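The shown structure was predicted, so the numbers you read here are calculated from the model rather than taken from an experiment. Both backbone and side-chain heavy atoms feed into the values below; hydrogens, waters and symmetry mates do not. Count residues from 1 along the sequence.
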Amino acid sequence: MSLTISALTRDDQGKGASRRLRRNHKIPAIVYGVGKAPSNITLDVFEITHLLENEESYTSVLDLMIDKKKKAVIIKDLQRHPAKNIITHVDFLRINLKQAIVTSIPLHFNGEENNEAMRLGAILNQFVTSVEVSCLPTDLPHAIDVDISNLTMGEHISLTGLNMPKGVVITALTHGDIEAHDQSVVAVQEPRKMAEIEEEAPIIAEDAEDENTENSDTDKDKPDS
């Protein structure tokens, strides 16, 4: 499915120009990459908001129509208003469909409802929620599915245990020493009991208090230097 977003070339820059755009339901954006100069553009806030309601738009190659000229891009960064959660700026990265790109892909953890250990009270610890991958734009997955239905108590899945689509490589595992970068992604673990937490809590012993008092008295008896 092709996802398309329309844009217009923008000449005005600066905070004042951006405020004027937002008052007219437009937002500033920029397009860069593939060795070309960055281009300042304007987006319709309603169109981009509607587009981003589809989760796949974050990990899809988009057809960006700038003044009716189509560019292949991916969304590289989004800025939102801190209070209103309204999109205020978008960064697009131009891409070459024949060259690999590097981007982050979310992990979808599946099978929790079928996990026997979790039905008995175990908890699921997610250490990683997305992974950086390298692949051709046409091979870009929308998400990586992680099946945790058969994980038993104490078991985990690491980066090398992920089932990656053909042509998609985790960049962390391309640095030579795979073991050093093969971090845990998810684990099924026993919940910590309150008694264990209490045992780990620091205890101020009466002996320590007495010792501090004794040391304080001893210091008083020391002659001034």
Side-chain angles (χ1 to χ4, degrees), residues 1-110 112-113 126 128-146 162 164-165 167-168 170-171 185:
M1 180 179 64
S2 176
L3 298 175
T4 303
I5 182 74
S6 299
L8 296 173
T9 301
R10 172 170 55 96
D11 295 322
D12 292 341
Q13 298 183 45
K15 293 183 178 179
S18 296
R19 283 194 292 267
R20 288 191 295 272
L21 284 175
R22 294 178 183 118
R23 282 197 294 267
N24 292 306
H25 307 298
K26 308 290 183 183
I27 60 170
I30 191 170
V31 190
Y32 58 89
V34 296
K36 296 181 181 179
S39 299
N40 295 305
I41 58 174
T42 299
L43 304 175
D44 182 276
V45 69
F46 300 114
E47 185 180 6
I48 186 65
T49 300
H50 178 68
L51 177 73
L52 294 177
E53 289 175 354
N54 182 355
E55 184 184 12
E56 293 184 357
S57 62
Y58 294 91
T59 53
S60 292
V61 177
L62 308 177
D63 290 333
L64 179 65
M65 303 295 296
I66 306 176
D67 301 329
K68 298 183 179 180
K69 294 181 181 179
K70 184 168 69 174
K71 307 290 183 182
V73 301
I74 60 172
I75 295 173
K76 196 64 176 176
D77 188 42
L78 286 174
Q79 295 178 23
R80 297 179 185 269
H81 189 283
K84 301 177 182 178
N85 199 33
I86 298 172
I87 299 166
T88 58
H89 194 277
V90 184
D91 287 8
F92 293 104
L93 177 67
R94 299 187 195 98
I95 59 172
N96 183 334
L97 294 177
K98 296 181 180 180
Q99 292 182 352
I101 59 174
V102 175
T103 189
S104 291
I105 300 297
L107 300 178
H108 287 177
F109 297 96
N110 305 317
E112 183 174 342
E113 66 281 359
Q126 300 174 12
V128 178
T129 57
S130 65
V131 290
E132 185 181 79
V133 303
S134 174
C135 64
L136 288 174
T138 51
D139 293 331
L140 186 66
H142 297 303
I144 304 298
D145 290 325
V146 184
L162 296 179
M164 302 300 293
V168 182
I170 299 174
T171 58
V185 172

Original post:
Is His108 atom NE2 crowded by more than 12 heavy atoms from other residues, nucleotides or ligands, each under 6.0 Å away?
Top reply: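 More than 12 within 6.0 Å, yes.
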**OP:** Inspect the surroundings of CD in Glu55 and state if more than 12 heavy atoms from other residues, nucleotides or ligands are less than 6.0 Å away.
**Re:**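 It does not: Glu55 CD has 12 such atoms or fewer within range.
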Say you draw a straight line from [atom1] of [X] to [atom2] of [Y]; how long is it, rounded to the nearest 0.5 Å?
X      : Y      : atom1 : atom2 : answer
Asp63  : Ser6   : CG    : OG    : 10.5 Å
Leu51  : Glu56  : CG    : CD    : 11.0 Å
Leu140 : Thr103 : CG    : OG1   : 6.5 Å
Met65  : Leu8   : CE    : CG    : 11.5 Å
Asp145 : Leu162 : CG    : CG    : 10.5 Å

Closest approach of [X] to [Y] (non-hydrogen atoms, all atoms of both residues):
X      : Y      : value
Leu136 : Leu97  : CD2-O, 4.2 Å
Ser104 : Thr59  : O-CG2, 4.0 Å
Ile101 : Pro137 : CG2-CG, 4.1 Å
Ser130 : Val128 : O-CG1, 2.9 Å
Asp139 : Gly167 : OD2-CA, 4.3 Å
Thr171 : Val133 : CG2-C, 3.8 Å

Subject >> Test salt bridge (charged side-chain N to carboxylate O under 4.0 Å, His left out) applied to Asp44 - qualifying residues, sequence neighbours left out >> reply: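 Asp44: salt bridge (charged side-chain N to carboxylate O under 4.0 Å, His left out) contacts with Lys26.
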**OP:** Go through Val90 and Ile5 one step at a time and tell me if the side chain to side chain contact (heavy atoms under 4.5 Å, CB included) criterion holds.
**Re:** CA-CA 12 Å; Val90 184; Ile5 182 74; over 6 Å; no
Which side-chain N or O atoms in residues 77-88 pair as donor and acceptor under 3.5 Å with protein atoms at least two apart or in another chain?
| from | atom 1 | to | atom 2 | distance (Å) |
| --- | --- | --- | --- | --- |
| Arg80 | NH2 | Tyr58 | OH | 3.3 |
| His81 | ND1 | Ala83 | N | 3.0 |
| His81 | ND1 | Lys84 | N | 3.0 |
| Thr88 | OG1 | Gln79 | O | 3.2 |

**OP:** For a side-chain contact (heavy atoms from CB on, under 4.5 Å) with Arg10, tell me which candidate from Asn40, Ile66, Leu43 qualifies.
**Re:**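 Exactly one pass, corresponding to Asn40.
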Original post:
Pick one: which of Ile41, Leu3, Ile74 meets side-chain contact (heavy atoms from CB on, under 4.5 Å) with Leu64?
Top reply: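 Testing Leu64 for a side-chain contact (heavy atoms from CB on, under 4.5 Å) against Ile41, Leu3, Ile74 leaves exactly one candidate, Ile41.
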Original post:
Would you say the side chain of Leu52 lies within less than 4.5 Å of the side chain of Ile75, judging by non-hydrogen atoms?
Top reply: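 Side-chain contact under 4.5 Å: yes.
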**OP:** Any chance you could lay out the side chain to side chain contact (heavy atoms under 4.5 Å, CB included) test for Ser39 and Arg94, step after step, and finish with the verdict?
**Re:** CA-CA 10 Å; Ser39 299; Arg94 299 187 195 98; 3.1 Å; yes
Original post:
After noting the C-alpha distance and the side-chain angles of Leu93 and Tyr32, does the key distance pass the side chain to side chain contact (heavy atoms under 4.5 Å, CB included) rule?
Top reply: CA-CA 5 Å; Leu93 177 67; Tyr32 58 89; 3.7 Å; yes
**OP:** Check side-chain hydrogen bond (donor to acceptor under 3.5 Å, both in side chains) between Asp67 and all other residues, then give those that pass, not counting sequence neighbours.
**Re:**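 Result, side-chain hydrogen bond (donor to acceptor under 3.5 Å, both in side chains) vs Asp67: Thr9.
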